[in-house]
Colleague: 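Input: one structure, supplied below.
Because the structure is a prediction, the values reported are computed rather than measured.
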Amino acid sequence: MATVDIGTIVSLCKRRGFIFPASEIYGGLGSTWDYGPLGVELKNNVKRAWWKAVVYDRNDIEGMDGAILMNRLVWKYSGHEATFSDPLVDCRECKGRFRADKLDELDCPRYKRKVTACHAHLTEPRAFNLMFKTQVGPVEEEAALAYLRPETAQSIFVNFKNIVDSRWRKVPFGIAQIGKAFRNEIVPGNFTFRTREFEQMEIEFFCKPGTDADWHAHWIEERYNWYIRYGLRRENLRRYVQKPEELAHYARACTDLQYRFFPERADEEKQWDELEGIANRTDYDLSVHSKGKQEKWGLHNEHSTQSLMYRDPVTNEKFFPYVIEPSAGADRATLAFLLDAYSEKPGADGEPRVVLKLHPALAPIKVAVLPLARNKSELVEKAQAIKADLQQHGIRAVYDDTVAIGKLYARQDEIGTPFCVTVDYDTLGIGKAKPDGAPEATASAPVALKDTVTVRDRDTWEQVRIPITGLREFFAERLGPAL
RNA sequence: GCGGGAGUAACUCAGUGGUAGAGUCACGGCCUUCCAAGCCGUUGGUCGCGAGUUCGAAUCUCGUCUCCCGCUCCA
């Protein structure tokens with residue numbers, strides 16, 4: 001179980017340059033956060049790890065990057081214009097909030113009667129529009145109305161035919177996209193868990209009707225395993241099967257991957273919240289964006305210029321593919337990896353020290369190269385040369401000599417750097433016995449240890465001595481393949 | 001949007017009407033052969049913001065913003 005609450009992570013993130021409150025010097029802006037120097041590296045690594053797993057390591061997914069501004073008609077036919085702007089009423093008595101068009105069906109949570117029975121206490125309906133409106137072009141007029149996309153999925157659906165045609169893809173195959181989406185959430189909060197501007201990592205996987213249940217199961221396992229592979233603990237990650245009444249009207253099934261974001265909450269059930277939703281969206285999306293009558297979904301698309309129906313080039317069979325949608329939040333994933341990486345370990349003085357046990361692939365910095373003391377120019381120069389060499393060979397490395405060696409280690413632990421390389425007097429071939437005599441150096445040792453350095457492991461704090469020439473291979477083995 | 005709580009240094013906080021503080025962190029110098037060493041020095045705060053009361057407000061009053069907790073909402 002995670003041992004840290006989000007508040008602790010918020011402090012660490014600000015202090016160490018991962019995530020800051022946005023627009024802070026002007027008092028901030030609700031629910032917006034800026035990723036700082038280490039945060040952008042971490043989040044980029046999360047996104048790259050995802051992209052590698054779903055695009056590069058498979059043979060059945062194409063990537064794309066769609067525009068945030070889209071033709072308003074996309075949202076008309078996707079259903080968002082209708083369902084994303086609900087008129088809501090508040091009850092002054094029970095403090096409940098209800099959809100104005102469903103009052104007849106809803107029960108008052110306090111008095112166990114129909115909400116309409118509370119009529120005297122209800123406020124006038126107010127429109128809650130969850131899509132950000134903007135205008136395209138400088139003249140404000142109705143025709144120029146546009147929305148910031150509330151999900152990335154739609155740019156995949158409207159490009160379905162382009163990608164089939166240009167990449168010779170046959171169903172089953174998928175399209176992956178990482179990008180920003182915007183929702184005017186009624187209640188944002190919990191740090192980067194729920195924000196109005198956020199980044200999604202979505203796959204729309206197209207398959208033949210009848211094979212959809214199997215593909216759905218496949219993706220639930222794929223995605224679950226991805227989080228485990230990059231460091232989430234099994235006790236903090238679970239599959240939640242949505243109940244029929246929770247499903248969107250077009251969805252046949254949806255399983256959420258939930259993470260224990262709130263371990264401090266007393267009610268165990270409330271500790272969990274959604275990290276990724278994996279839905280079976282049936283053939284709704286490609287149907288509704290297709291020209292003409294869509295009987296199954298009870299609408300007529302008068303604006304689309306194309307049919308997104310798929311023709312199997314082998315069998316000539318025509319159908320609307322079913323869509324399996326693994327939809328993950330990049331910000332939520334980043335937060336989950338931070339929470340699960342957080343640990344404390346007593347230092348030599350007994351005081352707890354923070355160690356961020358991030359998966360090496362996700363760590364913002366892979367290697368810190370440190371001189372044992374900074375008042376010896378030979379140590380400094382050698383350390384800087386090693387840093388430069390590692391960096392030139394694709395290993396994200398930094399050099400630091402601003403404080404004493406113990407504090408340098410502690411700092412790197414706190415930001416999750418997996419390895420520290422230390423250049424000491426033995427590296428220069430001028431080592432001598434330690435005062436406490438522990439590993440007694442012999443007369444020949446200084447020469448034998450020349451051009452070797454120590455490599456310290458973040459998690460065990462153990463050090464091994466290896467030749468400088470072997471560093472690249474050493475790290476290549478332990479840091480894993482580049483993302 | 002409702003109810004409750006909270007905003008003081010980069011972080012954690014003290015400060016109940018009278019000169020804005022502590023610890024940690026950060027930075028510089030000296031020193032240092034390995035896990036937040038030591039000594040010396042330094043930076044850093046419109047006390048969330050705006051009004052009001054007062055000779056005087058971090059402190060009292062009102063408004064407002066933000067965050068947290070609980071509701072509510074979440075295609």
Side-chain angles (χ1 to χ4, degrees), chain A residues 5-8 10-17 20-21 23-32 75 78-86 88-99 109-110 123 126 128 130-131 150-151 153-154 183-191 194 246-251 254 262 264-267 270 273-274 277 279 281 284 345-349 351-354 370-376 379 402-414 420 422-428 430-436 438-439 441 454 456 458 461-463:
Chain A
D5 63 12
I6 285 183
T8 305
V10 173
S11 295
L12 175 65
C13 281
K14 179 160 187 203
R15 190 160 39 90
R16 289 304 185 199
F20 310 121
S23 316
E24 192 181 14
I25 65 168
Y26 287 107
L29 175 65
S31 125
T32 56
W75 309 111
S78 70
H80 286 80
E81 266 196 336
T83 60
F84 245 57
S85 53
D86 298 330
L88 299 178
V89 298
D90 291 308
C91 176
R92 298 185 182 92
E93 179 96 6
C94 73
K95 310 304 180 192
R97 171 172 287 169
F98 312 97
R99 280 180 60 162
R110 177 177 294 181
T123 61
R126 287 171 303 168
F128 279 75
L130 299 186
M131 285 198 289
E151 64 176 24
Q154 298 302 324
R183 300 179 192 180
N184 255 322
E185 297 284 355
I186 297 168
V187 183
N190 291 121
F191 196 34
R194 181 175 283 109
E246 293 176 303
L247 293 173
H249 69 281
Y250 52 74
C254 186
F262 312 104
E264 72 282 4
R265 291 183 180 168
D267 181 349
K270 291 189 173 177
D273 215 329
E274 184 182 344
R281 298 175 66 114
Y284 176 78
K345 180 173 180 173
D349 55 5
E351 290 298 306
R353 285 164 47 167
V354 175
L370 316 167
L372 188 58
R374 64 172 157 170
N375 62 350
K376 274 275 186 289
L379 293 174
T402 50
V403 285
I405 189 71
K407 193 175 280 191
L408 293 179
Y409 288 146
R411 269 189 199 164
Q412 296 299 331
D413 285 344
E414 204 169 16
C420 290
T422 305
V423 174
D424 61 15
Y425 294 89
D426 287 327
T427 310
L428 305 176
I430 55 173
K432 61 186 180 198
K434 289 173 154 187
D436 64 7
T454 63
R456 172 186 179 273
R458 173 193 68 195
W461 294 357
E462 284 169 4
Q463 287 178 297

Colleague: Using a cut-off of 4.0 Å on non-hydrogen atoms, how would the nucleic acid contact of A/Phe20 be classed: base, sugar-phosphate, or nothing?
Modeller: nothing
Colleague: Answer whether the closest heavy-atom distance between the side chains of A/Leu372 and A/Val423 falls below 4.5 Å.
Modeller: no
Colleague: Under the salt bridge (charged side-chain N to carboxylate O under 4.0 Å, His left out) test, which residues partner A/Asp413, sequence neighbours left out?
Modeller: A/Arg353, A/Arg456
Colleague: In the strands shown, is B/G1 matched to any nucleotide by a Watson-Crick or G-U wobble pair with both distances under 3.5 Å, and which?
Modeller: B/C71
Colleague: With sequence neighbours left out, write down each residue that passes side-chain hydrogen bond (donor to acceptor under 3.5 Å, both in side chains) with A/Thr8, or none if nothing qualifies.
Modeller: A/Asp5
Colleague: Taking only N/O atoms, report every protein-nucleotides 27-32 of chain B pair under 3.5 Å with atom names and distance.
Modeller:
| unit_1 | atom_1 | unit_2 | atom_2 | d |
| --- | --- | --- | --- | --- |
| B/C27 | OP2 | A/Arg411 | NH2 | 3.0 |
| B/U32 | O4 | A/Arg374 | N | 3.3 |

Colleague: Rounding to an integer number of Å, can you tell me how far A/Arg15 CZ sits from B/U24 P?
Modeller: 14 Å
Colleague: Applying salt bridge (charged side-chain N to carboxylate O under 4.0 Å, His left out), name anything that partners A/Arg458, two or more places apart in sequence or on another chain.
Modeller: none
Colleague: On a whole-Å scale, what distance lies between the C1' atoms belonging to B/U54 and B/G21?
Modeller: 25 Å
Colleague: Could you state the atom-to-atom distance from CD of A/Glu414 to P of B/U24 in whole Å?
Modeller: 16 Å
Colleague: List for me each residue that meets ring pair (Phe, Tyr, Trp, His ring centres under 6.0 Å) alongside A/Tyr284, sequence neighbours excluded, and say none if there are none.
Modeller: A/His249, A/Tyr250, A/Trp297
Colleague: Please classify the nucleic acid contact of A/Arg281 as base, sugar-phosphate, or nothing, using heavy-atom distances under 4.0 Å.
Modeller: nothing
Colleague: Can A/Tyr409 be said to stack with the base of B/C35, given centres closer than 5.5 angstrom and planes under 30 degrees apart?
Modeller: no
Colleague: So what's B/G21 paired with, Watson-Crick or G-U wobble, going by both distances under 3.5 Å?
Modeller: B/C13
Colleague: Round to a whole Å and report the spacing from CG of A/Asn184 to C1' of B/C74.
Modeller: 13 Å
Colleague: Quick one: does A/Met131's side chain get under 4.5 Å of A/Arg183's, heavy atoms only?
Modeller: no
Colleague: Taking only the side-chain heavy atoms of A/Asp424 (C-beta and beyond), determine which of B/U12, B/C34, B/A37 contains the nearest atom.
Modeller: B/C34
Colleague: My understanding is that only residues two or more places apart in sequence, or in another chain, count here; which of them pass side-chain contact (heavy atoms from CB on, under 4.5 Å) with A/Asp273?
Modeller: A/Phe193, A/Phe261, A/Phe262
Colleague: With sequence neighbours left out, what residues match A/Glu274 under salt bridge (charged side-chain N to carboxylate O under 4.0 Å, His left out)?
Modeller: none
Colleague: Starting at the 5' end of RNA chain B, which residue's closest nucleotide do you reach first, A/Trp461 or A/Arg194?
Modeller: A/Trp461
Colleague: Rounded to the Å, how far apart are A/Asn190 CG and B/C73 P?
Modeller: 17 Å
Colleague: Taking the C1' atom in each of B/A37 and B/G45, what is the distance between them to the nearest angstrom?
Modeller: 30 Å
Colleague: How many Å lie between CG on A/Asp273 and P on B/G70, as a whole number?
Modeller: 11 Å
Colleague: Starting at the 5' end of RNA chain B, which residue's closest nucleotide do you reach first, A/Lys14 or A/Arg353?
Modeller: A/Lys14
Colleague: How would you label the contact of A/Thr422 with the nucleic acid (heavy atoms, under 4.0 Å): base, sugar-phosphate, or nothing?
Modeller: base
Colleague: Just how far, in rounded Å, is C1' of B/A36 from CG of A/Leu408?
Modeller: 10 Å
Colleague: Measure the shortest side-chain to side-chain distance between A/Leu408 and A/Thr422 over non-hydrogen atoms and say whether it is less than 4.5 angstrom.
Modeller: no
Colleague: Quick one: the side chain of A/Arg456 and the base of B/C35, do they pair up donor-acceptor inside 3.5 Å?
Modeller: yes
Colleague: Counting primed atoms plus P, OP1 and OP2 as sugar-phosphate and everything else as base, spell out the protein contacts along nucleotides 41-46 of chain B at 4.0 Å heavy-atom distance: B, S or - for each nucleotide, 5' to 3'.
Modeller: ------
Colleague: Can you measure A/Lys407 atom NZ to B/A26 atom C1' for me and round it to whole angstrom units?
Modeller: 9 Å
Colleague: When the distance from NZ of A/Lys345 to P of B/C35 is rounded to whole Å, what number comes out?
Modeller: 14 Å
Colleague: Name all residues meeting the salt bridge (charged side-chain N to carboxylate O under 4.0 Å, His left out) criterion together with A/Arg411; count only those two or more places apart in sequence or in a different chain, and write none if there are none.
Modeller: A/Asp400
Colleague: Base, sugar-phosphate or nothing for A/Ser78? Non-hydrogen atoms, less than 4.0 Å.
Modeller: nothing
Colleague: Scan every strand shown for a Watson-Crick or G-U wobble partner of B/U66, both distances under 3.5 Å, and answer none if you come up empty.
Modeller: B/A6
